[in-house]
Amino acid sequence: MTLEKTSRSIVRYLHHNTAAPRDSAGYVQLLVICQLFQVSRTAVLEIVERVAKDRLNLSPCQQLIRACSGHSTDDVDVGNISQYEITDYRDVCYCVHGTTRSVYENIKISGLSRMKRQMIQFADCKDTVKRHSTVLIHLDVKRYLAKGEKLCRLQNGTLAAPGNAKGMMKTSFFHRVQFL
């Protein structure tokens, strides 16, 4: 398996596996990941450094690993992952959710959903938008924050919002929709 495929498997495991032995900040022992995915510690360090730099994060002691965002399990406190809550719209230059045209057909009716995840994810620059996106939804950060909604910057620099009580974000908060 290539390092890219291994990194995606590790991220998926850390995002969604309810049996993962993690703490409330989402960290799992690096040794557990090495054993589970049959990779060396060196390979995992390379994955974090070069392949999945925005998706995985090591603890300062480099003995623990976690996904930076996108958790769907309730045992991870996203507050432990977020760097800070954004309170001033001027702190955000770019806030875009990437999706596909087929998914956008539902989004334009219902709004954005966090689905099974804890937060709705946004890219903070064009380079970090999901690579298969054909539709970019630009968030009107000023209007969103003015309505008292919560927006966080995560440790990896991406932006995330919990949405309303149902995990949804209304289309009225979209600044514009761009088709690629």
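The residues of the chain are indexed from 1 along the displayed sequence. Hydrogens, waters and symmetry mates are skipped; everything else that's a heavy atom, side chains included, is used.
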ILVMFWY network linking Leu139 to Val96, side-chain heavy atoms under 4.5 angstrom: no
Asp124 side, atom CG; Cys93 side, atom SG - distance, nearest 0.5 Å: 9.5 Å
Hydrophobic cluster membership, Val32 vs Val48, 4.5 Å side-chain cutoff: yes
Within 6.0 angstrom of Glu105 CD, more than 12 heavy atoms from elsewhere: yes
Worked verdict on Ser7 versus Lys5 for side-chain contact (heavy atoms from CB on, under 4.5 Å): CA-CA 5 Å; Ser7 91; Lys5 286 184 179 180; over 6 Å; no
Contacts of Lys166 that satisfy side-chain contact (heavy atoms from CB on, under 4.5 Å) - sequence neighbours left out: Asn164, Met168
Other cluster members, Tyr27 - Ile/Leu/Val/Met/Phe/Trp/Tyr, side-chain contacts below 4.5 Å: Leu64
CD-CG distance between Glu85 and Asp91, expressed to the nearest 0.5 angstrom: 11.5 Å
Verdict with supporting geometry, Tyr104 and Thr99, side-chain contact (heavy atoms from CB on, under 4.5 Å): CA-CA 7 Å; Tyr104 178 69; Thr99 190; 4.2 Å; yes
ring-ring contact (aromatic ring centres under 6.0 Å, His included) involving Phe37 - partner list, sequence neighbours excluded: Tyr13
Derivation of the side-chain contact (heavy atoms from CB on, under 4.5 Å) call for Leu56 and Leu14: CA-CA 9 Å; Leu56 294 170; Leu14 294 171; 3.7 Å; yes
Whether His97 side chain and Ala123 backbone form a donor-acceptor pair below 3.5 Å: no
Euclidean distance, Gln38 CD relative to Leu36 CG, rounded to 0.5 Å: 8.5 Å
Arg131: partners by side-chain contact (heavy atoms from CB on, under 4.5 Å), with sequence neighbours left out: Glu4, Arg8
Closest heavy-atom pair and its distance - Gly98, Val129: CA-CG1, 4.1 Å
Sub-4.5 Å side-chain heavy-atom contact between Leu58 and Gln63: no
Shortest non-hydrogen contact between Ala160 and Gln121, atoms and distance: CB-NE2, 4.2 Å
Whether Thr100 side chain and Ser133 backbone form a donor-acceptor pair below 3.5 Å: no
same_hphob_cluster(Leu31, Ile47) at 4.5 Å side-chain heavy-atom cutoff: no
Nearest-0.5 Å distance that lies between atom CD in Gln62 and atom CG in Leu30: 8.5 Å
Any residue meeting side-chain contact (heavy atoms from CB on, under 4.5 Å) with Ser40, in chain and number order, not counting sequence neighbours: Thr42, Ala43
hydrophobic_cluster_shared for Ile86 and Ile120, side chain cutoff 4.5 Å: yes
Closest heavy-atom pair and its distance - Pro162, Met119: N-SD, 3.5 Å
Enumerate, atom names and distances included, each donor-acceptor pair closer than 3.5 Å involving a side-chain atom of residues 169-180, sequence neighbours excluded.
{"residue": "Gln178", "atom": "OE1", "partner": "His138", "partner atom": "NE2", "Å": "2.9"}

Steps toward side-chain contact (heavy atoms from CB on, under 4.5 Å) verdict (Phe122, Val141): CA-CA 11 Å; Phe122 294 91; Val141 176; over 6 Å; no
Hydrophobic cluster membership, Leu159 vs Tyr89, 4.5 Å side-chain cutoff: yes
CG-CG distance between Leu145 and Asp88, expressed to the nearest 0.5 angstrom: 8.0 Å
Distance, nearest 0.5 Å, that separates CD of Gln35 from CD of Gln29: 10.0 Å
